[in-house]
Structure formats: C-alpha cells, structure tokens
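Quick note: numbers below take in every heavy atom, side chains included, and nothing from hydrogens, waters or symmetry partners.
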Amino acid sequence: MTKLTPIFIEGKKWIQLSQLTVDQARSLKSFIPVSYLKNIFFQGIELCDCLDFDTYEYWFKSQQMSGHRQALLDF
C-alpha cells in the first residue's frame, strides 16, 4: 500500500479520502469516528472528506502492522 502525501492547508496536513482506493477508504471510515472527517475550504474550493494527516498516518501504520502479522500467520 502506498502512503499518501499530505495537503498543507493553513499550516496543517490533510488527506482526502477520495485519494484512497475504495477498499482503503472503507477500511479507514470504519476505523475512525465520522466526526473526524472535515470539509475544508481552500482557495474557493470545498474539499470534502478531509482527514488530518496524523490520524491517517496512525491508520496507515496499523494497516501495515496487521499485514505483517497476517503474513507471519500465513507462513
């Protein structure tokens, strides 16, 4: 799985769920409370389903760890 590069808006790092695959977005949505998703206005454009990068990064690392554990169990 490729890690997303954050978008910098007003000094804070964000990602958009639309940048993820459908399966990844579904997994991430099940991992976090809905209130974590924000709509952000940037240069006159509304960016929907934004998540702060730190939360995304935590989820990303947890997915990598579960993948490593599964690989060990498959061995």
**Leu47-Ile32 co-clustered via ILVMFWY side chain contacts under 4.5 Å** = no

**Asked** When hydrophobic residues are tied together by side-chain contacts of less than 4.5 Å, even through go-betweens, does Ile15 share a cluster with Ile40?
**Response** no

**Request:** Count the heavy atoms of every other residue, nucleotide or ligand shown that sit under 6.0 Å from CZ of Phe31, and state whether that count exceeds 12.
**Result:** yes

**Prompt:** Do Asp52 and Trp14 pass the side chain to side chain contact (heavy atoms under 4.5 Å, CB included) test, and can you show the C-alpha distance, the side-chain angles, and the key distance before you say yes or no?
**Reply:** CA-CA 4 Å; Asp52 71 271; Trp14 299 91; 4.2 Å; yes

**Message:** Using the rule that Ile, Leu, Val, Met, Phe, Trp and Tyr join whenever any side-chain heavy atoms are under 4.5 Å apart, tell me whether Ile9 and Leu37 fall into a single cluster.
**Reply:** no

**Asked** Of all heavy-atom pairs between Cys48 and Gln16, which one has the smallest distance, and what is that distance?
**Response** O-NE2, 3.3 Å

**Fill in**
Heavy-atom nearest pair, Leu17 first then Ala25, reads O-CB, 4.1 Å

**Contact check, side chains of Phe42 and Ile7, non-hydrogen atoms, under 4.5 Å** = no

**Message:** Please report the interatomic distance CG(Leu4) to CD(Gln24), rounded to the nearest 0.5 Å.
**Reply:** 7.0 Å

**Item:** SG-CD distance between Cys50 and Gln19, expressed to the nearest 0.5 angstrom
**Value:** 8.5 Å

**Prompt:** Should we say atom CD of Glu46 is surrounded by more than 12 heavy atoms from elsewhere, each under 6.0 Å from it?
**Reply:** yes

**Request:** Step by step, work out the side chain to side chain contact (heavy atoms under 4.5 Å, CB included) result for Asp49 and Leu51.
**Result:** CA-CA 7 Å; Asp49 291 337; Leu51 179 68; over 6 Å; no

**Fill in**
Of all heavy-atom pairs linking Thr55 and Tyr36, the shortest is CG2-CD2, 3.8 Å

**Request:** Using a cut-off of 6.0 Å, state whether more than 12 heavy atoms not belonging to Lys3 lie near its atom NZ.
**Result:** yes

**Fill in**
Closest non-hydrogen contact found for Tyr56 with Thr2 is OH-O, 3.9 Å

**Fill in**
CD of Gln64 to OG of Ser62, rounded to nearest 0.5 Å, is 9.0 Å

**Message:** Tell me the closest heavy-atom pair linking Leu28 and Trp59, and the distance in Å.
**Reply:** CD1-CG, 3.3 Å

